[in-house]
*Asks:* 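This is the structure I want to talk about, given as structure tokens.
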Amino acid sequence: MVGIKVIGILIFMGILFGLSIPVLRRSPKEMIIYTIIVTTAGVLSILKFLELTVPTPLYFVSWVYKPISDLILLLQ
């Protein structure tokens, strides 16, 4: 059942690419950004159907900020 949903998402992504890429070929930057956004959305949708947890970007920010914050507090 999950496999059918994943295949459906991949088919839908293929249709989106098939309809949009010919129009976006005039602007390579837009095509690259569009490809990144659609691929990211597809991967997140597949992960949701597989019921896997995806960390939020806030976890990354706190992972980077915490050592810097601790260092600043230590130097005070």
*Asks:* So, taking the atom named CG in L47 and the one named CD1 in I9, what distance separates them when rounded to the nearest 0.5 Å?
*Replies:*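 It comes to 9.5 Å.
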*Asks:* Would you say L10 ends up clustered with L50 if hydrophobic residues are merged whenever their side chains have heavy atoms under 4.5 Å apart, either directly or through other cluster members?
*Replies:*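 Yes; L10 is reachable from L50 via cluster members.
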*Asks:* Treat each ILVMFWY residue as a node, draw an edge where side-chain heavy atoms are under 4.5 Å apart, and state whether F60 and Y65 are in one component.
*Replies:*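 Shared cluster, no.
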*Asks:* Quick check on the hydrophobic clustering: are L52 and F49 connected, directly or via other members, by side-chain heavy-atom contacts under 4.5 Å?
*Replies:*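 They do share one cluster, since a chain of ILVMFWY contacts under 4.5 Å joins L52 to F49.
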*Asks:* Under a single-linkage definition using a 4.5 Å side-chain heavy-atom cutoff for Ile, Leu, Val, Met, Phe, Trp and Tyr, are I21 and I32 assigned to the same hydrophobic cluster?
*Replies:*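 In one cluster: no.
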*Asks:* Starting at CD1 of I11, measure out to CG of L16 and round the result to the nearest 0.5 Å.
*Replies:*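 Here the interatomic distance stands at 12.5 Å.
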*Asks:* Quick one: which residue pairs count as a side chain to side chain donor-acceptor pair (under 3.5 Å) with a foot in residues 25-51, not counting sequence neighbours?
*Replies:*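 Every side chain to side chain donor-acceptor pair (under 3.5 Å) pair that includes a residue of residues 25-51, provided the two are not neighbours, is S20-Y34.
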*Asks:* Using the rule that Ile, Leu, Val, Met, Phe, Trp and Tyr join whenever any side-chain heavy atoms are under 4.5 Å apart, tell me whether L58 and V54 fall into a single cluster.
*Replies:*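 Per the 4.5 Å side-chain linkage, L58 and V54 are not co-clustered.
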